[in-house]
Structure formats: C-alpha cells, structure tokens
Number of protein chains: 2
Amino acid sequence: MSLETPTIKQLEYFVGLAEATSFRRAAERLNISQPTLTAQVYNLEKVLNLTLVERSRSGTTLTPAGRDLLVNARQVIEEMCGLMDQAAMINSGPGGTFRMGVSPTSGPYLLPHILPGLHQAYSSLKLYVRENMPKTLELDLLEGRLDLVLIPKPFDNSSLTSEVLFHEPMQLVIPEDHDLSKLKKIKPHHLRGQTILTLLEQYSSYHQTESLCAELGANIARDYEGSSLDALRQMVMMRMGLTFLPTLYIHSEIHQPQGLNVREVEKIKLYRTHALVWRRNSPNRGFYRQLAELIRSLVKTHLSEVKLIF
Amino acid sequence: MSLETPTIKQLEYFVGLAEATSFRRAAERLNISQPTLTAQVYNLEKVLNLTLVERSRSGTTLTPAGRDLLVNARQVIEEMCGLMDQAAMINSGPGGTFRMGVSPTSGPYLLPHILPGLHQAYSSLKLYVRENMPKTLELDLLEGRLDLVLIPKPFDNSSLTSEVLFHEPMQLVIPEDHDLSKLKKIKPHHLRGQTILTLLEQYSSYHQTESLCAELGANIARDYEGSSLDALRQMVMMRMGLTFLPTLYIHSEIHQPQGLNVREVEKIKLYRTHALVWRRNSPNRGFYRQLAELIRSLVKTHLSEVKLIF
DNA sequence: TTCAAGTGATAGGAAAATCCTATCATTAAA
DNA sequence: TTTAATGATAGGATTTTCCTATCACTTGAA
C-alpha cells in the first residue's frame, strides 16, 4: 500500500454521495454538513488523484472512474462491516477460537465428556485442541501459541495461573495370571520388588510414580517408557511389568482392559490432579475461570460413576 | 454498519503489531511513536469492545478474539489496496469504463473501423457501447447515464459540447429496374415527384431529407418510416420509393446493395455530420477531445477509400 | 544481588484532521 | 423575474492524531 490511503469515512461519504446524487441530500442522510461532505469527497479525489464526481448545478454524476471505484469502495465497506459483525459475534458470547492444549494421557478420555457441554453453554465458543506432551504444551502456552492448557499437575511456572479441576485416582493394573491377581486386597508391601512401567519423563505422572516406587521398594522399568496409556496397557499384557493407570482411562469403554485386572492398593493414595492453566495476565482470565468451573460441574454430572475427588 | 467503525490506520497498526509482537518494534516499522501505537490499538479495542492484544513485559500476544479479527483486518486492508490499485490503473491511462452511446445508423458501420485503434492507443480504456435513437442518447447523456455520444448532428443543447468528426455524403439509392437507373448522371429535377423514404423523425437525418425534398419537389413517404438503414434498403428493393443512404453504409461489405443502384445527384450536397458529444463540464473533457482527434485520424487512415469530408 | 536493556503505560502539549455555521455564486424551474 | 436548489468557500471550533519525555515494571546478564 502506498503512503496514504483513503479514510473509511471518505469512502462512506463517497458511496452516500453516489447514491444520493446530490451533496446536500447526501450530507443530510449522512448526518453531516454539506461543506464537510464537499471537503471530504475532494480529499478523497486528491488522494486517489482522480475526479470521481461530476458536479453540476443540478446534482452530481459519477465519472467513469467514479463508477469503477464505487464498486471497490463498496467492497471495502463490506469487508469492514464483516469485521464489525465478527467483533459483535465475539462480544455476544465469549468468542474467538481458543487454542487449547491437552495431554494425550487425559484428552481422549476426558474431552468427549466435556466438549458437548461446553458448546451447549457457549454456543459461539470455538476450540482448537492440540495434543502434546505437558512440558511442550506449557512452553506453547507461555509463548502464546496456546491460550489454555488442560494437563495433570504439577507444573512450575509463576507466570501461569491454574485452577484445579479434580483429582483422579490411579489404579494398579496387573495381568490376569499374575500372582497378585489372586489377592483381593493388595497391600503396599506386595509391590516390593515388582517392576513398574511408566510414561516418558516428560509426563507429569512420571515423578510421582518414581517417588512412590522408591518408597515402596518397587523398580521402575528404565528401558521401556511408554508414550501413551495404550502402550502401557500393551506392555502390561506382555508381562513386562505392572503399572498405574488413571481411572478415566480404565473407565473409558473403548479400552476395557481385557486380560487385565484392576486393583486398588490399600493405604496408597496415588492420583493425578487435572488443572486448567492459562497465562496469569491473560485478558480472558475471567472467562477461563468460568470455564474451569463449568468443566468441573460437567465432569461431576457426566462422570458420576467414576470415582473422582473434587 | 453501526455508529462508528475502526479507522483504516487502526487496522494497519493492529496488523503491524500482530506481526511485530511488540509495540516498540511495530511502532518503528510503522514509522510512528510507540505511545501513538499504544493509543490507537487501545482505541481500536474500545471501538470493537474487545481485547485484541495481551500485553506483557516481554512483548505482546494476540487474544483469541485478536487472532480472529486479524483475518478480517487483513481482508479490509486487502480490499483497500485493491481500490488503490484500481485508482492507479485508472490514473496510468485514461481509464474507467466509459459509456458511449451511438446511433444504430452509424455505429455498426463506423465502430468496427475505430474500436481496435482506440484500444491500441489506450490499452486501459474500457468502453461500454449502447445503441439507441439519437434523441434518446442525448437525454441519457444529459442525465448522466452516458458519458459520450457519437451521433450525426444536429442536436440542440447548450450544456453539451461536441466535436465534429467528419462529414459523410449521402447517396441516392434506386432499384436497378427503376427509370432513373438508366441515367448516368442524375440531376436535381429528376427527383421531382419521386417518393423518398426516410427514417423515423427521431433520427437526425429526417429533417435534412425533409427540407431537401421540399426544395426538389419530391414526396416523403409518410406511411412507412424506417427504423434502420437495412429496413430502408429493403423498402427500396420492394419498389416503395427511393432513399438516401450514407456512404459508410453503402461501403460496408455486408450490405452491398445488390439489385440496387447507387447514384450521386449533381449539385446536391446532402451529407450527415458525425460528432462526438459530451457534457460541457465533464471532468474528462480533455480526454474526450483527444479521443475525437484520434477517431478522426483513425477514420482517415482506415476508411481512406470512402469519400469523406473532414 | 545489581544493573542494563527491554517492555508497555502515561502525561502534556503540538499539529493536523475533521467538522460546523454562515455565506456566496450559479443554475433550474416556477 | 423570482424562488428554490445546487455546490463552493471562508473562518473558526472541536476532535483526533501524534510526538517527546518519562514512568513503572520485567528480564536477563554481570
């Protein structure tokens, strides 16, 4: 674009004049004075270096150039109206396309229960969901590539605000023909010497599991770290060890752990804490807070049969 | 559109800020001061009633609303660029779509020889040609529905300017088996008592023919007035009378008057005068004058074999 | 911890643009 | 000839836009 562009007002005035075919009538319709209109149309002609309007003592006519540019002027105004409409849309509800990151260990098992309810509550809300490892998501959030992140705690950044959604118990998963399967109630000491499979270190559950194993005297399988819950399940079925899986995963019908047994370990409270995270100073933080509250209540109602702690 | 729209500048500033992700850098690129940018972006946000940009001490990020509206803003600017381009195009040569009216008695026989040359001279020139009766065209021109008219004189309006292009002789057309066909040279008195066919009164040649007939003692056929030169030719072939046809028509190869003879009448100078007409105060009058000159020279070179008077 | 460099926000005032009222000159129509 | 309507112009008030100087804060390096 060159040094100077016309003003939107000038275009509006020009279109108004073209429609009214008279400076005075147009000025009246546009609620401005006739000299103002004269001056602005003249300014427009000056920036474009063209004569747009043919003045006579009996009204005005467009020049050929004026007729051609009238089309363009209308298009510009049209686009501007589109922008205003869009802004109004966004204003009417919390709008815009929010980019949310989720962990692959929770997204597939949590979001299907949440998204319908969100769209019902905020019909104009658009979500773009991206799955990635929590550490990566945290960085994306900090650097503005994401607006919201839904991951298990913990995370450690002071410029981020988070709202805890709920706590999800982890349950021990063992092969059906494993010795421990015979036990109804598994006690902490049973785990001593067992091999425990975990996710990659980038996943937040890793460190939790690690300290737990250290406490119990169980070993962490260093060689095979899973990158998905499904992978962990497969590895347990192949007798590579035991693992802790989140209740939501176990509950999800698609992944009924056939050939596996699920057990609680007495006196051990292992759970992951899901949180919704955003930048501390985000202008939408008010809305994000509402969103967290809504998600919480949605989980409560839609996942009432799952043991979750709020 | 509501009461107030953003400014083009504000949109440009906003886009610049979105691209630079920092008020200072953006301000530098946009050649404005940082406080100005801050203020204008704030104004934009106020008009739209939205927060577009998330400010932090380490640069800026777009909010979801900001990202969505960035698209719209770019579109508006795009359209504005289109307008500027169009204006530049029109500026580079005489441009815009000129609406020209021609008489059906001259357009089909004259324009094919002219238009190619016009487009060669002014490559950006666009012409929209409309055929109609001269009287109608004159009104359309006066009321701004046309920019230019190419018709035979005369016409009588003081607010119109015209430039004579050339004079075109009219020639007598008679059936091959008519008595006068035997004569090599036809003299004025031969026409006494003959029936002369003319176009409708709305055509400019009518009055000329009328006064000539009165002078020679010939009769005008009141019952059958033609509305096209072809119609006149047909009527002559059906022995309904004689007529004067313009040289250009006779010359046009498509209408070689088979079965008819063309004769000049001695001492009679009947011709029609073609003129290019425009509104006296039209801003393009300078260009129209050039156009007339160009048409004249095109006719001279492309129709040199036709006897025309300049 | 300290310091330097970078961020956006703010204040105050200058410059430019926008707009208005009042008026003029010309034209078209009554 | 008069009357009403047209667009152009002058002068001045108002609003917007913009700049300089400065502040408050954060970040990252020393």
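If you're wondering where the values come from, they're calculated on a predicted model, not measured in any experiment. Numbers restart at 1 for each chain; the letters A, B, ... are given by sequence-line order, proteins then strands.
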* Structure fact -> Ordered by number, residues from residues 20-27 of chain B within less than 4.0 Å of DNA chain D (heavy atoms) are none

* To do: Identify, with sequence neighbours excluded, every residue that meets side-chain contact (heavy atoms from CB on, under 4.5 Å) alongside A:Val164.
  => A:Lys153, A:His167, A:Thr273

* Is it true that a side-chain atom of B:Thr60 and a backbone atom of B:Val53 form a donor plus acceptor pair closer than 3.5 Å? -> no

* Structure fact -> Atom CZ of A:Arg55 and atom C1' of C:dA25 are separated, to the nearest Å, by 16 Å

* To do: Check side-chain contact (heavy atoms from CB on, under 4.5 Å) between A:Ala73 and all other residues, then give those that pass, not counting sequence neighbours.
  => A:Leu11, A:Phe14, A:Val15, B:Leu83

* To do: Not counting sequence neighbours, which residues clear salt bridge (Lys or Arg N to Asp or Glu O under 4.0 Å) with A:Glu45? List them please.
  => A:Arg55

* Would you grab the first and last nucleotide of DNA chain D (5' to 3') that comes under 4.0 Å of any non-hydrogen atom in chain B? => D:dT17 to D:dT26

* List for me each residue that meets side-chain contact (heavy atoms from CB on, under 4.5 Å) alongside B:Arg25, sequence neighbours excluded, and say none if there are none. => B:Ala20, B:Thr21, B:Ser22

Can you check nucleotides 18-20 of chain C for protein contacts, nitrogen or oxygen pairs under 3.5 Å, and list what you find?
residue	atom	partner	partner atom	Å
C:dC19	OP1	A:Lys9	NZ	2.9
C:dC19	OP1	A:Tyr13	OH	3.3
C:dC20	OP2	A:Ser33	N	2.7
C:dC20	OP2	A:Ser33	OG	3.2
C:dC20	OP2	A:Thr36	OG1	2.9

* All side-chain hydrogen bond (donor to acceptor under 3.5 Å, both in side chains) counterparts of B:Arg29, not counting sequence neighbours -> none

* For A:Arg130, which residues count as a salt bridge (Lys or Arg N to Asp or Glu O under 4.0 Å) partner, sequence neighbours excluded? -> A:Asp140

* Residues in side-chain hydrogen bond (donor to acceptor under 3.5 Å, both in side chains) with A:Glu19, at least two apart? -> A:Arg74

* To do: Could I get the full list of side-chain contact (heavy atoms from CB on, under 4.5 Å) partners for B:Gln10, not counting sequence neighbours?
  => B:Pro6, B:Thr7, B:Gln40, B:Asn43, B:Leu44

* Residue list, side-chain hydrogen bond (donor to acceptor under 3.5 Å, both in side chains) with B:Thr38, at least two apart or on another chain -> B:Gln34

